[in-house]
Amino acid sequence: GVGIVGNKIPITENHHKTKEYQTWVGMIRRCYNPHKTSKAESYKDCFIAEDWLYYPNFYKWLISQSNYKKWKNGTTWELDKDILYKGNRIYSKNTCCLVPSYINQIFKSSKENRGLLPIGVSIDKNGNYFAQCINSITNTNKYLGNFDTPESAFEAYKQFKEKLIKEIAEIEYQKENISETCYQGMINYKIED
């Protein structure tokens with residue numbers, strides 16, 4: 001009851017819904033299905049730009065992306081709304097990009113799971129603060145050291161994570177897996193608690 005499919009763009013191919021159409025429907029569900037919006041904090045109060053509620057407009061944007069063919073042929077790709085504008089709540093042609101799934105995971109903060117400490121900071125059984133971060137390139141957990149305060153532990157996490165995001169941006173841009181706009185968004189991304 002939210003979007004308009006129209007009759008300009010086929011939504012099935014070989015008796016299956018197209019990836020483009022499924023992505024459009026998934027975006028609508030994330031924003032307007034109460035079961036989705038109540039479970040995930042990142043979709044709370046999200047909405048879709050009016051022009052994207054018309055499927056042909058979304059489709060036109062999608063196929064114009066420099067990494068569209070890689071997205072189309074890949075199995076683990078996502079439509080992201082948070083890389084270009086942190087905390088963004090609107091899906092639109094100016095706020096979204098196509099990314100491999102692992103890149104999208106880099107930007108999830110899991111705020112609801114970490115308690116009162118800053119992101120990347122934990123406290124051991126002796127009351128000592130330490131910082132750690134998942135290195136998405138090596139897929140390992142990187143221990144960053146012990147610190148006297150949660151603020152200093154967070155600063156170590158912040159420096160490591162921002163450097164890591166820049167490294168991943170360089171790698172993925174060279175592979176043509178991300179657009180230049182996404183690349184710039186990642187290079188300029190700042191970690192905040």
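Throughout, residue positions are numbered sequentially from 1 according to the sequence presented. Heavy atoms only: backbone and side chains are in, while hydrogens, waters and symmetry mates are out. Please read these numbers as outputs of a predicted model, since none were measured by experiment.
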Checking side-chain contact (heavy atoms from CB on, under 4.5 Å) for the pair Phe58/Leu79: CA distance, chi angles, key distance, verdict?
CA-CA 12 Å; Phe58 174 79; Leu79 174 69; 4.0 Å; yes
Short side-chain to backbone donor-acceptor contact, [X] and [Y], under 3.5 Å:
X      : Y      : value
Gln132 : Val121 : no
Thr12  : His15  : no
Asn88  : Lys81  : yes
Asn67  : Lys70  : no
Lys142 : Phe160 : no
Ser179 : Ser66  : no
Asn57  : Asp51  : yes
Asn128 : Asp124 : no
Lys19  : Gly74  : yes

Check this for me: [X], atom [atom1], are more than 12 non-hydrogen atoms of other residues, nucleotides or ligands nearer than 6.0 Å?
X      : atom1 : result
Lys72  : NZ    : yes
Asn141 : CG    : yes
Asn14  : CG    : no

How are the rings of Tyr189 and Phe107 set relative to one another: parallel (under 30°), tilted (30 to 60°) or perpendicular (over 60°)?
perpendicular
Can you classify the ring geometry of Tyr55 versus Trp24 as parallel (below 30°), tilted (30 to 60°) or perpendicular (above 60°)?
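Judged by the thresholds at 30° and 60°, the geometry between Tyr55 and Trp24 is tilted.
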Which distance, rounded to the nearest 0.5 Å, do you find between the [atom1] of [X] and the [atom2] of [Y]?
X      : Y      : atom1 : atom2 : result
Glu50  : Ser92  : CD    : OG    : 12.5 Å
Asp82  : Cys96  : CG    : SG    : 8.5 Å
Gln105 : Ile134 : CD    : CD1   : 11.5 Å
His16  : Gln22  : NE2   : CD    : 9.5 Å
Asp80  : Ile178 : CG    : CD1   : 11.0 Å

Will you find, in the side chains of [X] and [Y], an N or O donor that is under 3.5 Å from an N or O acceptor?
X      : Y      : answer
Thr138 : Thr140 : yes
Glu172 : Tyr102 : yes
Thr18  : Glu13  : no
Tyr183 : Glu170 : yes

side-chain contact (heavy atoms from CB on, under 4.5 Å) assessment of Leu144 paired with Glu155
CA-CA 10 Å; Leu144 303 173; Glu155 190 56 37; over 6 Å; no
Tell me, do Tyr91 and Cys31 make a side-chain contact under 4.5 Å, heavy atoms counted?
yes
Tell me, do Glu20 and Tyr68 make a side-chain contact under 4.5 Å, heavy atoms counted?
yes
Taking NZ, NE, NH1 and NH2 as the nitrogens, is one of them in Lys158 or Glu192 under 4.0 Å from a carboxylate oxygen of the other?
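No, no charged N to carboxylate O under 4.0 Å.
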Does one hydrophobic cluster hold both [X] and [Y], with members joined at side-chain heavy-atom distances below 4.5 Å?
X      : Y      : value
Ile63  : Leu98  : yes
Ile9   : Leu62  : yes
Ile165 : Ile119 : yes

If you compare all heavy atoms of [X] against all heavy atoms of [Y], which two are closest, and at what distance to 0.1 Å?
X      : Y      : value
Met27  : Trp52  : SD-CE3, 3.6 Å
Val5   : Pro56  : O-CD, 3.4 Å
Tyr32  : Ile48  : OH-N, 3.1 Å
Leu164 : Ser136 : CD2-N, 3.8 Å
Asp148 : Tyr129 : O-CD1, 3.6 Å
Tyr54  : Gly6   : CE1-CA, 4.3 Å

Apply side-chain contact (heavy atoms from CB on, under 4.5 Å) to the pair Ile90 and Tyr85, showing each step before the final yes or no.
CA-CA 10 Å; Ile90 182 170; Tyr85 301 98; over 6 Å; no
Stepwise side-chain contact (heavy atoms from CB on, under 4.5 Å) test for Ile4 and Leu53:
CA-CA 6 Å; Ile4 300 169; Leu53 292 174; over 6 Å; no
Salt bridge (Lys or Arg N to Asp or Glu O under 4.0 Å) filter on Glu167, not counting sequence neighbours, yields Lys163
Considering the options Val99, Ile103, Leu84, which one meets the side chain to side chain contact (heavy atoms under 4.5 Å, CB included) requirement together with Met186?
Ile103
